[in-house]
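Whatever order the structure lists them in is the order used to number ligands and atoms, beginning at 1.
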Amino acid sequence: MTPTIALHDLHKTYRMGDVEVHALQGVSFEIQQGEFIAIMGPSGSGKSTLMNLIGCLDTPSAGAYQLDGIDVEKLGSADLSLVRARKLGFVFQQYNLLARQSALRNVEMPLIYRGVGRAERHQRATTALGIVGMSDRVHHRPNELSGGQQQRVAIARALVGSPAVILADEPTGALDTKTSAEIMGILQRLNRQQGLTVVLVTHEADVAAYARRVLTMRDGRLVHDESRSQEVIQ
Ligand code: ADP
């Protein structure tokens, strides 16, 4: 089976004046459909750089990246945006919801961008909000929702386009312990029940403990790739 994500000898070098920063120095791994992966590592180890490349927000300096069979490293910025919209769902630490729009409208946004018609959009967004337990808050705006509820809306927005992968960057970084566990429980349930592929960046071991496989980065390299037989189960 074609891996959902295949990275081969990925390099990323930033240039700042005369100085080169080798943020990724030959990273290779594959992620199969239905995996739940956490990427860990100390600050500066290259996690954000790696997520930006996987998320088609940036291109590698060298190496190959295939996402769902597409050769991403060969694409220009317009095609990268298309691949991003079709194949990826993003969940960020700060939710990144539109403040003036309702939960429903926020979740509809990726479908508006894709030109999906009004009735279908409404139906799919309503379903996605139901999946994350937000059916009774669809008309609330972000400032009328708790942090955990806003993150649920953000997960619904990530889900609504039926992406190949959900990329979650420190999704519980702004939440208390109990709410973090609820949010991780939702991601885990989506992974287990719907076979959704989840890639998560975190520096917290108790958040990574929900994943079935943990990749550890250090100094721009993958130093550990551990599959677990027993992850935390909500
Ligand atoms: P992490 O997310 O693990 O903290 P990053 O991917 O942000 O690590 O950073 C990896 C290395 O690349 C660090 O040395 C960082 O300073 C450097 N870096 C990250 N982004 C840039 C950039 N836009 N320009 C120059 N250097 C950068």
With the side chain counted from C-beta on, respond yes when Met134 and Gln149 share a heavy-atom pair under 4.5 Å apart, and no when they do not.
-> yes
Exactly one of Leu7, Leu215, Val199 clears side-chain contact (heavy atoms from CB on, under 4.5 Å) with Leu50, and that residue is Leu7
For Asp79, the salt bridge (Lys or Arg N to Asp or Glu O under 4.0 Å) test, sequence neighbours excluded, returns none
Applying salt bridge (Lys or Arg N to Asp or Glu O under 4.0 Å) to Arg118 and not counting sequence neighbours gives none
Near ligand 1 (heavy atom, under 4.0 angstrom), the protein residues are Tyr14, Met16, Val21, Ala23, Pro42, Ser43, Gly44, Ser45, Gly46, Lys47, Ser48, Thr49
Sequence neighbours excluded, the answer for side chain to side chain contact (heavy atoms under 4.5 Å, CB included) partners of Ala174 is Gln93, Gln94, Tyr95
Can you tell me if Arg84 uses its side chain to pair, donor with acceptor, with the backbone of Cys56 under 3.5 Å? yes
